[in-house]
Amino acid sequence: VQLQASGGGLAQAGGSLRLSCAASGRTFSTSAMGWFRQAPGKEREFVAAISRGGGTTSYADSVKGRFTISRDNAKNTMTLQMNSLKPEDTAVYYCACASDTSNYAASHYRTSGTYTYWGQGTLVTVSS
């Protein structure tokens, strides 16, 4: 599975950005997907996950109510709409594809260990 993340850039606090993740090499709809982020000097952390059919989603408390994860299985793409951005959202954002093809709820996929495939990351910088 190859994952290509895009859409990062510079935004002002309170602004919005939309990240996309394009997948290839595997039937996209068979696995849950997620977004993680890593700020400078910090460990990678969970941001959001979506079940393979898109029926359930899960968010980190820090982004709940501001970010929305979605997927289009017909187009093999996943997106992360980020609104009301804060300087603490500054990080490299990674999309990931789960290793299993189970139909668990998105809450099952909140840890990096549940993912096998990772994109290259896209940088999001939020200025105050």
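Just so we're clear, the structure is a prediction, and the values are computed from it rather than from any experiment.
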Would you name the heavy atoms of [X] and [Y] that are closest together and state the gap between them?
X	Y	answer
Gln120	Ala5	NE2-O, 2.9 Å
Ile69	Gly34	CD1-CA, 4.5 Å
Leu85	Ala11	CD1-CB, 3.8 Å
Thr79	Ser20	CG2-OG, 3.9 Å
Tyr109	Ala49	O-CB, 3.6 Å
Ser84	Arg66	O-NH1, 2.9 Å

Between [X] and [Y], is there shared hydrophobic-cluster membership here, with clusters defined by ILVMFWY side-chain heavy atoms closer than 4.5 Å?
X	Y	value
Tyr104	Tyr117	no
Val63	Met33	yes
Leu123	Leu19	no

> Can you list every ring-ring contact (aromatic ring centres under 6.0 Å, His included) pair that touches residues 34-67, not counting sequence neighbours?
Replying inline: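 Residue pairs with at least one partner in residues 34-67: Phe36-Phe46, Phe36-Tyr115, Phe36-Trp118.
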Could you state the interatomic distance from [atom1] ([X]) to [atom2] ([Y]), rounded to the nearest 0.5 Å?
X	Y	atom1	atom2	result
Ser58	Ile50	OG	CD1	11.0 Å
Arg44	Ser112	CZ	OG	7.5 Å
Thr68	Arg18	OG1	CZ	9.0 Å
Asp72	Ser29	CG	OG	11.0 Å
Glu88	Ser62	CD	OG	8.5 Å

>> Regarding Thr56 and Ser51, do their side chains bring together a donor and an acceptor under 3.5 Å, going by distance alone?
In response: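 A donor-acceptor contact under 3.5 Å links the two side chains.
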> Between Arg71 (side chain) and Gly54 (backbone), is there a donor-acceptor pair under 3.5 Å?
Replying inline: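 Side chain of Arg71 to backbone of Gly54: no pair is present.
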>> Main chain of Asp100, side chain of Ser31: is a donor-acceptor contact present, judged purely on distance under 3.5 Å?
In response: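 Between the backbone of Asp100 and the side chain of Ser31 there is a qualifying donor-acceptor contact (under 3.5 Å).
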> Of Val47, Thr122, Leu80, Val92, which meets side-chain contact (heavy atoms from CB on, under 4.5 Å) against Arg37?
Replying inline: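 In the set Val47, Thr122, Leu80, Val92, the residue that makes a side-chain contact (heavy atoms from CB on, under 4.5 Å) with Arg37 is Val47.
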Validation row: [X], [Y] side chains within 4.5 angstrom (heavy atoms):
X	Y	answer
Val124	Met82	yes
Arg52	Asn103	yes
Ser127	Gln12	yes

>> I'd like to know if Lys64 pairs up with Asp61 as an ion pair, taking the criterion as any Lys NZ or Arg NE/NH1/NH2 lying under 4.0 Å from an Asp or Glu carboxylate oxygen.
In response: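 Judged by the 4.0 Å cut-off on N to carboxylate O distance, Lys64 and Asp61 do form a salt bridge.
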